[in-house]
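Structure record follows, encoded as structure tokens.
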Amino acid sequence: MTDTSSQLKKKQAVVSDLTIHRAIKLRSLKGDRSFGRKIKVSPHKILPLFKSTSHDVYQFVFPDSEFCTPFCCDFAHSAHEGHLVAIGDEEGRLSLLRTDKDNHIHHSQYHHSFYCHRHGISDVKWSQDDTMLLTASHDRLVRLWDTETRSSLADFVGHDDVVKSVNWHPYNEHLLVTGSKDGSFRIWDTRFNQKPAMDSVEDGPSAPVYNCITAISNAHDYGQNTKTTRTSHVEPNIIRSVTCALFVNREETKVISSGSADGSIKLWDIRTCRSAQALESTVFESEGGRRYGVTDLKMDRSGTRLLSACKDNSIYMHYLVDLTKPATRLTDPEFKLGGFDIRISISADDHFVMAGSDDKDIFVWELDAPKRQPFRYEGHTRKVTGVSWSKFTTHQFASCSEDFTARIWNFGYSD
């Protein structure tokens, strides 16, 4: 009788999981209502259903067959129904992978790579219409690419060190903002400040060259526009990088930036004909006065919540109505942010935030249940740096690792 009862419970559990799976699939096809009834699926039930098989792993190598590290990734918005991801690596190449196809040799025509820079790519971002890509690099350049012809459209020149981040304005395709290890963030406008063309990376046809329209230097110097009790102990050779810079929603004169040394996030007013001002700031500081740098920033689709990855091994959720208010902390004893190259990503439905980590796993938290233990995805064998959730669906995401691979993770059920 005991065995029969146990088998019955197992069958009931499988049926329950299948019901959840079918409901999620139905929601993805029909929206959140089907046959007049509201479909409710607990978000944390979705997370265990993502898998990355050996067919979803892509190995990166140099031309001499030595292993190469993919650094960053970003999904297209709607091209190929969102099944297209761009991955930048340390060789300066950009790979475009069709994520509805696996790594089988018969699908090789769906995956393409081309050279963009002479040094590693540190960030990549798709335009809203998926016709263009921006790449930032260790060679201090930002480049604009035509995704169809894979040709260079423009170069953005002026940073004095590695460009850490590049982001489009969400509604104005002419505007972009960059953050750099040189301590500045810069605003660029493709309608202004065009210079004579320079040679492309392939020494082929030249592309237009742009100077920035606004440059904010020393944006995150220790003690700059924020109070500190330990400025006298800061060594002069500390690198004060701007790790990320974003436009605020529809605003063209407000930017949010994060720093590596001062441990702060700042909201800037960058209106022309006046000096840039930090309107609000928040500082991540321990009881002993140590400041923790911020590695990445992401904003949710509503433009109300800002997520930051902090070197105190935490993700923080801020509300943009008042950046100075205490943020909600998401963390875990096993979660480690070991470097400023680790990124975060928010799911298309704004339910989850994902982060790479120094311990080879991917961590995902439910934003509406921040105290709940994060779900961990195992598969990589070394530090995970770049992560990107699909912008088209919650059913797919990608990750990059120092194990020289990129992985595609797909939603699916298996018993």
Side-chain angles (χ1 to χ4, degrees), residues 58-64 66-77 79 84-99 108 110-168 173 176-182 186 188 190 194-195 197-212 244-245 341 343 385-388 398 400-402 404-406:
Y58 295 85
Q59 190 87 54
F60 284 72
V61 294
F62 287 108
D64 62 2
E66 290 292 323
F67 290 129
C68 174
T69 301
F71 285 146
C72 53
C73 54
D74 189 45
F75 267 94
H77 294 82
L84 184 62
V85 66
I87 300 174
D89 65 33
E90 66 175 316
E91 173 71 355
R93 291 171 306 193
L94 198 60
S95 296
L96 304 181
L97 306 181
R98 280 279 300 273
T99 58
S108 60
Y110 299 105
H111 312 308
H112 305 280
S113 294
F114 60 100
Y115 279 88
C116 297
H117 296 268
R118 291 188 173 93
H119 298 285
I121 296 176
S122 51
D123 200 10
V124 56
K125 295 290 166 55
W126 290 87
S127 63
Q128 287 291 328
D129 62 3
D130 296 328
T131 61
M132 296 179 289
L133 275 164
L134 282 169
T135 56
S137 174
H138 292 239
D139 62 12
R140 307 179 183 184
L141 294 176
V142 173
R143 284 198 161 111
L144 179 64
W145 299 91
D146 184 304
T147 58
E148 185 68 28
T149 63
R150 298 188 284 280
S151 58
S152 179
L153 298 176
D155 291 324
F156 303 89
V157 179
H159 279 298
D160 297 322
D161 210 328
V162 175
V163 184
K164 301 286 290 182
S165 74
V166 59
N167 283 289
W168 299 87
E173 64 179 7
L176 53 139
V177 59
T178 56
S180 171
K181 199 173 178 179
D182 65 13
R186 299 176 183 234
W188 315 77
T190 55
Q194 183 175 338
K195 296 173 25 176
M198 66 185 294
D199 289 338
S200 70
V201 71
E202 298 84 6
D203 297 323
S206 299
V209 177
Y210 292 89
N211 284 329
C212 66
C244 189
D341 52 353
R343 304 301 180 96
T385 53
V387 291
S388 180
C400 300
S401 171
E402 290 185 355
F404 315 116
T405 69

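Along the sequence shown, the residues carry numbers beginning at 1.
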Output the distance between atom [atom1] ([X]) and atom [atom2] ([Y]), rounded to the nearest 0.5 Å.
| X | Y | atom1 | atom2 | result |
| --- | --- | --- | --- | --- |
| Leu97 | Ser95 | CG | OG | 6.0 Å |
| Ser113 | Ile87 | OG | CD1 | 8.5 Å |
| Ser151 | Phe114 | OG | CZ | 8.5 Å |
| Phe67 | Asp89 | CZ | CG | 14.0 Å |
| Asp161 | Asp139 | CG | CG | 11.5 Å |
| Cys116 | Arg150 | SG | CZ | 10.5 Å |

Under the side chain to side chain contact (heavy atoms under 4.5 Å, CB included) test, which residues partner Phe71, sequence neighbours left out? Thr69, Glu90, His138
Is any side-chain heavy atom of [Y] closer than 4.5 Å to one of [X]?
| X | Y | result |
| --- | --- | --- |
| Leu84 | Phe75 | no |
| Leu133 | Leu144 | no |
| Lys164 | Ser180 | no |
| Thr385 | Ser401 | no |
| Cys72 | Ile121 | yes |
| Leu176 | Val166 | yes |
| Asp146 | Thr131 | no |
| Asp123 | Val163 | no |

Taking 4.0 angstrom as the limit, do Asp160 and Lys181 come out as a salt bridge? no
State whether Arg143 and Asp155 are salt-bridged, where the test is any N-O pair (Lys NZ or Arg NE/NH1/NH2 against Asp/Glu carboxylate O) under 4.0 Å. yes
Phe62: partners by ring pair (Phe, Tyr, Trp, His ring centres under 6.0 Å), with sequence neighbours left out: none
Hey, mind stepping through Gln128 and His77 against side chain to side chain contact (heavy atoms under 4.5 Å, CB included) and telling me if it holds? CA-CA 7 Å; Gln128 287 291 328; His77 294 82; 3.6 Å; yes
Write down the atom of [X], the atom of [Y], and the distance for their closest heavy-atom approach.
| X | Y | result |
| --- | --- | --- |
| Arg343 | Val387 | O-CG2, 3.4 Å |
| Ala406 | Pro70 | N-CG, 4.2 Å |
| Ala245 | Ser165 | N-OG, 3.4 Å |
| Val85 | Ala398 | CG2-CB, 4.2 Å |

Is a side-chain donor-acceptor pair under 3.5 Å present for Thr178 with His159? yes
Donor-acceptor side-chain pairing of His117 and Thr135 below 3.5 angstrom: yes
Quick one: does any side-chain atom of Ser152 pair with a main-chain N or O of Trp145 as donor and acceptor, under 3.5 Å? no
So, does Ser127 use its side chain to make a donor-acceptor pair with the main chain of Met132 at under 3.5 Å? yes
Using the six-membered ring wherever Trp is involved, compare the ring planes of Trp188 and Phe156 and label them parallel, tilted or perpendicular (cut-offs 30° and 60°). perpendicular
Would you check, one step at a time, whether the test side chain to side chain contact (heavy atoms under 4.5 Å, CB included) holds for Leu141 with Val157? CA-CA 6 Å; Leu141 294 176; Val157 179; 3.7 Å; yes
Criterion side chain to side chain contact (heavy atoms under 4.5 Å, CB included) on Trp168 and Trp126, from CA distance to verdict: CA-CA 8 Å; Trp168 299 87; Trp126 290 87; 5.6 Å; no
All side-chain hydrogen bond (donor to acceptor under 3.5 Å, both in side chains) counterparts of Arg98, not counting sequence neighbours: His80, Asp100
Taking it one step at a time, do Tyr115 and Glu91 satisfy side chain to side chain contact (heavy atoms under 4.5 Å, CB included)? CA-CA 8 Å; Tyr115 279 88; Glu91 173 71 355; 2.9 Å; yes
